[in-house]
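So the structure is just underneath, and the comments pick up after that.
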Protein chains: 2
Amino acid sequence: MEHSMLFEKFVAFTASLHEVSHELTRGVKQEDVTPIQYRILEYMMVSQPVTPSEIADCVDLSLPNTSRELRKLMEKNLCEKATDDTDRRRQLFRLSPDGQALMNRVMGQAQQGFQQRIADLTADELQELEQALTLIQRKVLRPKA
Amino acid sequence: MEHSMLFEKFVAFTASLHEVSHELTRGVKQEDVTPIQYRILEYMMVSQPVTPSEIADCVDLSLPNTSRELRKLMEKNLCEKATDDTDRRRQLFRLSPDGQALMNRVMGQAQQGFQQRIADLTADELQELEQALTLIQRKVLRPKA
DNA sequence: TATATTTATTGTCAAATGATAACTAAAAGG
DNA sequence: CCTTTTAGTTATCATTTGACAATAAATATA
């Protein structure tokens, strides 16, 4: 297979995955958070605590706008702020209990949908699937890591 | 591996792919189209001609808002409209030459980035990669198709 | 210490997006 | 025909998001 065909396959794959992940997390609409706020919560979930600068980098948002969205999330009691003791300019954000609960709801629903999708797979197929995920991660998505 | 661990792996995988695809298509910022308009163009690219209703479904946009964005794309000369002869209520949209050119620029840049990422892979690894993409598509993303 | 840099916040404005009502034209179905 | 349904458009308004200037506070550095 040529590189260009592989690229087309990769594009189609990406589109499919995007569609599926959108479907799996459609539960977010029930929650009182905007798409950007959800992305921030998602990022917090995997790497708390996080500073506004880190969020801005990762979510691709300017620092002022990140600050604004964090304020809104705090007003909704979905995250908490604390000052870093070693550098008191830095603010450390983490999910609040309510924020955790929200993410548990959304992720729980997603996991349910995911497991329906893989319900018919045999143990062998599950292992193949896991290896396929690992391979793409290692060879393409995170080649350095 | 348990189902819940596989789900976590799937979530991490999705996050990585999202990040990479965002990086690969960062050339869009150079173009005079909004994110939603780009998604419409992307959809047109793979399945033209398309009707406003189809776009609304696929891009998850209301029909009135779809109509508005299509008008803007037409004003930018990025797509063309024609009435369906068999049902004159239906409007058929396709990329204009300018729209094609835009997508060629963006996709060309993405392909270049992709090929840099896979540049070091051996022929065997490329084949493994291709099979991994196919496997995930078939077993998880498009189980019915 | 004095200055520069980093981190974060606030405020403001423009643009993009979402939601909804009102309307036209064509087709479908009685 | 006449009514209903479908596809699309236009207009309007609220909310979200993006961009940028100005500021404060803590740290780093000369």
Side-chain angles (χ1 to χ4, degrees), chain A residues 18 22 25-44 47-76 78-94 102, chain B residues 18 22 25-44 47-76 78-94 102:
Chain A
H18 185 271
H22 183 269
T25 60
R26 75 188 182 289
V28 187
K29 288 180 192 162
Q30 313 304 324
E31 310 287 346
D32 180 28
V33 288
T34 69
I36 283 211
Q37 286 167 10
Y38 175 70
R39 285 204 292 156
I40 292 176
L41 293 179
E42 211 170 38
Y43 179 51
M44 266 185 210
S47 45
Q48 28 190 340
V50 290
T51 67
S53 299
E54 290 165 348
I55 296 172
D57 273 351
C58 185
V59 181
D60 197 31
L61 202 59
S62 73
L63 196 50
N65 291 337
T66 301
S67 191
R68 173 183 59 197
E69 298 308 320
L70 285 170
R71 179 174 48 72
K72 290 179 185 172
L73 287 173
M74 300 236 317
E75 285 167 2
K76 295 175 184 176
L78 295 174
C79 70
E80 295 166 347
K81 177 163 86 162
T83 301
D84 183 345
D85 284 333
T86 71
D87 181 345
R88 289 172 46 215
R89 288 171 303 186
R90 286 158 47 92
Q91 303 297 316
L92 303 177
F93 286 85
R94 37 172 56 87
L102 186 154
Chain B
H18 185 270
H22 183 268
T25 60
R26 73 189 183 290
V28 187
K29 288 181 192 160
Q30 313 304 322
E31 309 288 346
D32 180 30
V33 288
T34 69
I36 283 210
Q37 285 166 13
Y38 175 70
R39 286 204 291 156
I40 293 176
L41 294 178
E42 212 171 36
Y43 179 50
M44 266 184 209
S47 45
Q48 35 190 340
V50 290
T51 66
S53 299
E54 290 166 348
I55 296 172
D57 273 349
C58 184
V59 181
D60 197 29
L61 203 58
S62 72
L63 196 51
N65 291 337
T66 302
S67 189
R68 173 183 61 198
E69 298 309 319
L70 285 170
R71 179 174 48 71
K72 291 179 185 173
L73 287 172
M74 300 236 316
E75 284 166 2
K76 294 175 185 175
L78 295 174
C79 71
E80 295 166 347
K81 176 162 90 166
T83 301
D84 183 346
D85 284 333
T86 70
D87 180 345
R88 290 170 47 215
R89 287 171 303 183
R90 286 158 47 92
Q91 303 298 315
L92 303 177
F93 286 85
R94 37 172 56 86
L102 186 155

Of all the choices, [options], which nucleotide is nearest to the side chain of [X] once you look at every atom?
X     : options                : value
B:R90 : C:dT17, D:dT10, D:dG8  : D:dG8
A:P52 : D:dT9, D:dT17, C:dA8   : C:dA8
A:N65 : D:dC20, C:dT17, D:dT10 : D:dC20
B:T51 : D:dT17, D:dG8, C:dT17  : D:dG8

Side-chain donor/acceptor pairs under 3.5 Å, residues 57-64 of chain B, sequence neighbours excluded:
residue: B:S62; atom: OG; partner: B:N65; partner atom: N; Å: 3.3
residue: B:S62; atom: OG; partner: B:N65; partner atom: ND2; Å: 3.1

Interatomic distance, CD@A:E42 vs OG1@A:T25, rounded to 0.5 Å, equals 7.0 Å
Mind checking the CZ-CE spacing from A:F93 to A:M44? Nearest 0.5 Å is all I need.
-> 6.5 Å
Using only modelled atom types and a 3.5 angstrom limit, is any donor from either the side chain of [X] or the base of [N] paired with an acceptor on the other?
X     : N      : result
B:R71 : D:dG8  : no
A:R68 : C:dG11 : no
B:D87 : D:dA7  : no

Taking only Lys NZ, Arg NE, NH1 and NH2, and the carboxylate oxygens of Asp or Glu, determine whether B:E75 and B:K72 approach each other closer than 4.0 Å.
-> no
Show each protein N/O and nucleotides 1-5 of chain C N/O combination with a separation under 3.5 Å, one pair to a line.
none

Heavy-atom nearest nucleotide on DNA chain D taken for A:S62 and for A:D84; more 5' hit belongs to A:S62
Under 4.0 Å between any heavy atoms, over every strand shown, what does B:K29 touch: base, sugar-phosphate, or nothing? Just pick one.
-> nothing
Evaluate the criterion side chain to side chain contact (heavy atoms under 4.5 Å, CB included) for residue pair B:C79 and B:R94; output intermediate values, then yes/no.
-> CA-CA 6 Å; B:C79 71; B:R94 37 172 56 86; over 6 Å; no
